[in-house]
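Just below is one structure, and these are the notes that go with it.
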Amino acid sequence: MSSASAEAPTGPAVEPVAAGEFEREPVPERARLGFRSFVGMYAGEHCAGTELMIGPLFVASGVSAFDLVVGLLVGNALAVLSWLVVTAPIATRVRLTLYRQLERICGRRLVTLYNLANGVMFCFLAGSMITVSATAVGVLFGFPMPALGDAYPTGLGWVLAVLAVGGLITVVAAFGYRSVARFANLAAPWMVLVFVAFGLVGLSEFLRTTGSEVGSPGELWRLAETAIWTGGDPLPGQVKFGFWHVVFFAWFCNGAMHLGMSDLSVLRFARRSWHGLASGAGMYVGHFLAWLAASILYALQLHRDPANTDVLPGPMAWQACGVAGLLCVVVAGWTTANPTIYRAGLAFQAIVPRSPRFTVTLFTGAVATVAGLFPAIAMRLLGFVALYGLVLVPMGAVVFADFWLLPRLGLRSWWAERRGLRVHPAAGLAWGGSLAAALLAVRFGGLPIYFAALPAWFLAILLYVVASAVVQRRAGEEAAG
Amino acid sequence: MRRALQGLSWLALLGTIAPAVLYLSGGLELAALKTAMLLATLLWFLTVPFWMERPR
């Protein structure tokens with residue numbers, strides 16, 4: 001899981017491209033970046049504080065070794081393919097941000113609504129990252145921390161810790177977004193290795209605890225199946241995860257970025273569309289290694305004390321790697337909450353353009369901090385992340401259909417801009433209709449939310465193409481009449 | 001100077017992951033691992049700001 005980067009990717013050998021540049025025009029040749037810049041950016045961005053929650057929640061969902069390992073390999077490959085064949089080709093042909101493209105396709109009012117949805121989702125996501133960081137504070141002060149099933153704050157200590165962490169992150173985001181963004185880039189290589197160390201230490205502890213000896217990959221796999229990811233029933237309150245749950249979760253946890261097209265804003269800087277392959281660095285470092293490592297630590301905790309089902313990254317990291325592990329939890333939560341709050345602030349500012357960015361960021365951070373007080377979001381992160389993808393993915397389908405399908409069907413792209421519309425009804429119908437249908441199928445049809453984003457994406461394409469044909473034919477008839 | 005700092009940073013990264021590998025192979029105690037990782041962390045953050053993302 002990651003927050004969308006508000007900065008263009010940068011690399012050690014590349015002059016940084018400031019956020020805010022080329023917001024309304026295509027990225028020129030001189031500002032385009034090579035493959036390496038994107039590898040670093042994706043690897044750092046997808047090694048976030050939330051990985052420390054997601055890995056353990058897989059174990060809490062009763063996942064087996066085969067379902068988890070092979071499911072993640074397949075799901076992440078599908079995510080990389082989505083970036084490669086869906087997002088990057090449009091990004092490198094049009095070279096505009098998602099927001100600018102949506103403005104031209106959907107009209108300003110609809111983009112405002114999209115921004116609102118986006119901003120709210122980002123606030124909750126940042127809230128869960130604040131929750132993760134606060135669990136590290138709990139190790140230092142020893143106050144009662146939330147259990148897996150807790151939805152509300154667990155005491156004064158927890159409230160004060162979240163307020164302190166959230167307040168600090170918010171003020172820093174409002175004052176010095178750029179310096180934290182730079183710090184995040186500096187911390188990324190170290191953070192990735194600490195995540196790997198979590199996994200290695202967890203594995204070592206499993207070997208010591210079970211008295212097993214591993215001399216071959218086969219024996220390691222046997223240990224994984226029988227002691228680490230044993231399958232079986234999920235913990236109370238968690239949904240049972242099988243192979244396809246893992247595949248779809250890995251594929252769509254960043255659905256907003258690839259099929260939802262948020263990363264048009266990033267990949268528009270790529271020299272070639274195959275640079276979308278760089279997303280593989282993020283998927284296989286953050287969403288494979290980091291998730292497995294974090295899940296091993298939690299499985300170890302359950303193996304030692306089955307009654308201790310708390311998913312608390314701080315204490316787990318502390319036991320595995322000491323102060324370095326604790327710092328990793330704080331840094332991972334902080335560096336990813338920071339751009340998330342900033343990004344949410346930008347989304348809200350687009351709705352109220354006259355308000356100063358500083359004030360909007362403070363407001364956004366306050367909302368995220370309040371959300372962070374409630375552990376329900378972090379403890380139900382798998383479901384929330386699926387919802388986040390589901391809400392934003394249909395708009396990516398509209399962009400996809402507008403770019404590839406409408407011209408081939410003899411219809412006009414960028415209809416809102418051509419007609420001066422504030423709301424393009426076809427885009428509104430595609431987003432609202434597909435989202436409503438998916439939510440109804442989840443609520444009343446028994447469709448697990450993890451599987452809802454893909455059909456919603458295809459439904460949005462269908463609705464947009466059909467509604468565009470109707471709208472444009474009517475407009476043609478009116479012009480002729 | 002830049003090269004020396006880069007060398008120290010690489011050493012810090014090695015110091016971040018090597019203790020975990022040694023612990024896995026039985027060559028290090030957990031307390032020593034935690035100390036080594038903390039020292040490597042300090043070395044990383046003390047050296048890397050002076051060369052990474054800075055113009056050559």
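By convention in this document, chain letters (A, B, ...) are assigned in the order of the sequence lines, proteins followed by strands, and residues within each chain are numbered from 1.
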Please enumerate all residues that pass salt bridge (charged side-chain N to carboxylate O under 4.0 Å, His left out) together with Glu29(A), with sequence neighbours excluded. Arg32(A)

What residue, out of Cys321(A), Gly322(A), Gly325(A), has the most heavy-atom pairs lying under 4.5 Å from chain B? Cys321(A)

Out of Val323(A), Leu203(A), Val192(A), Val201(A), return the one with the most heavy atom pairs under 4.5 angstrom to chain B. Val201(A)

Which atom pairs, one a donor and one an acceptor, fall under 3.5 Å between side chains of residues 28-37 of chain B and the rest of the protein, sequence neighbours left out?
from	atom 1	to	atom 2	distance (Å)
Lys34(B)	NZ	Gln319(A)	O	3.2
Thr35(B)	OG1	Ala31(B)	O	3.0

What option among Leu24(B), Val21(B), Leu39(B) has the most heavy-atom pairs under 4.5 Å with chain A? Leu24(B)

As an exercise: rank Val48(B), Leu38(B), Leu13(B) by heavy-atom pairs under 4.5 Å with chain A and give me the winner. Leu13(B)

Okay, Ala320(A) and chain B: the region with an atom under 4.5 Å from a heavy atom over there is backbone

Phe183(A), part contacting chain B, at a heavy-atom distance under 4.5 Å: side chain

Under a 3.5 Å distance rule, please check whether Trp190(A) uses its side chain to pair with a backbone N or O of Ala12(B) as donor and acceptor. no

Nearest-0.5 Å distance, CG of residue Leu193(A) to CG of residue Leu14(B): 9.5 Å

d(Phe45(B) CZ, Leu327(A) CG) to nearest 0.5 Å is 7.5 Å

Residues in side-chain hydrogen bond (donor to acceptor under 3.5 Å, both in side chains) with Ser133(A), at least two apart? none

Nearest heavy atoms of Met52(B) and Asn185(A), plus distance in Å: SD-O, 4.0 Å

At under 4.5 Å between heavy atoms, what parts of residues 205-230 of chain A are in contact with chain B? List them by residue number. Glu205(A), Leu207(A), Arg208(A)

May I ask you to test the Leu200(A)-Tyr23(B) pair for a side-chain heavy-atom distance under 4.5 Å? no

